[in-house]
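Chain letters run A, B, ... following the sequence lines, proteins first, then strands; residues in each count from 1.
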Amino acid sequence: MNEKNKSKIIISTHKHENLYFAVGYSEKKKILRIALPQKSLEDAVNEISKYYPNYQLSNENNKTAQNLSQMYHGENIDFDLEHLELDICESSEPKSTIKTSFERDVILKVAKIPYGSVKTYKEIAKSLNSHAYRAVGTAIGKNPFPIIIPCHRVIRSDGKIGGFRGGTPMKVEILKNEGIKIEASKIKVD
DNA sequence: GATTGACGCCGAG
DNA sequence: CTCGGCGTCAATC
């Protein structure tokens with residue numbers, strides 16, 4: 001059931017205060033997966049290694065892992081998507097990789113949402129000429145590059161925050177760090 | 001086919 | 001405001 005992958009990867013980490021960030025690379029230096037921040041190094045590494053058991057930890061300071069932390073804390077970093085592995089993967093690849101063109105299209109749309117603004121699941125669907133609002137949510141839920149591909153900027157049409165793999169409270173925190181106003185669990189529009 | 005979603009909309013309480 | 005129920009469609013079983 002739990003799909004694993006034999007390919008060898010490198011995991012780099014970064015610590016900021018009590019949060020640990022992790023990034024998984026292929027041998028070609030393409031980013032395969034980003035982990036949401038965790039309270040321990042083990043947990044952060046595990047977020048990657050559970051999909052890629054054949055890994056090696058890197059000691060070098062890693063710019064992406066550092067950028068990840070900065071973005072989480074609300075800095076507006078212009079990240080080059082060229083570093084991400086955005087190709088459609090074989091079905092034998094681990095879960096939460098991009099496997100269909102629909103998922104890829106959704107992820108690419110989300111990537112274009114500017115810092116400090118939000119879009120709804122419905123708007124994403126509409127921009128793809130689709131009514132599959134729920135499928136958009138499901139596809140975003142598989143986002144292998146959370147924070148860098150800003151899935152936290154996608155909210156519900158009624159203004160509520162919506163789901164998040166790291167839990168809605170984390171989504172709220174990231175949005176607030178970006179300066180978005182939230183009151184009574186809803187995005188405040190002015 | 002049948003079930004399951006990080007959803008949307010409307011109507012009832 | 002909350003809740004149920006139905007709409008909708010891609011992915012998965």
Residue whose closest nucleotide on DNA chain C lies nearer the 5' end, Glu103(A) versus His131(A)
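Residue closer to the 5' terminus by nearest nucleotide: His131(A).
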
Stems in DNA chain B: runs of 3 or more consecutive Watson-Crick or G-U pairs, distances under 3.5 Å?
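Counting only runs of 3 or more consecutive pairs, the stems involving DNA chain B are B:1-5 with C:9-13, B:7-13 with C:1-7.
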
Can you tell me the distance, in whole Å, between the [atom1] atom of [X] and the [atom2] atom of [N]?
X         : N      : atom1 : atom2 : result
Tyr133(A) : dT4(B) : OH    : C1'   : 18 Å
Asp158(A) : dG8(B) : CG    : P     : 7 Å
Lys171(A) : dA6(B) : NZ    : P     : 11 Å

Hydrophobic cluster membership, Ile180(A) vs Phe164(A), 4.5 Å side-chain cutoff:
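Cluster IDs for Ile180(A) and Phe164(A) differ.
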
Mind checking whether Leu36(A) and Leu175(A) sit in one hydrophobic cluster, side chains of I, L, V, M, F, W, Y counted as touching below 4.5 Å?
no

Can you find a side chain N or O atom of Lys142(A) that sits less than 4.0 Å from OP1 or OP2 on dA10(C)?
no

If the cut-off is 4.0 Å, is Thr138(A) near the phosphate of dA11(C), judged by side-chain N/O to OP1 or OP2?
no

Candidates dG8(B), dA6(B), dT8(C) - which lies nearest the side chain of Arg165(A)
dA6(B)

Is there a donor in the side chain of Tyr115(A) and an acceptor in the side chain of Asp78(A), or the other way round, less than 3.5 Å apart?
no

Within the 4.0 Å heavy-atom criterion, would you say Thr100(A) contacts the bases, only the backbone, or no part of the nucleic acid?
sugar-phosphate

Have a look at Phe102(A) and say if it touches a base, only the backbone sugar-phosphate, or nothing, with a 4.0 Å heavy-atom cut-off.
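It contacts sugar-phosphate atoms only.
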
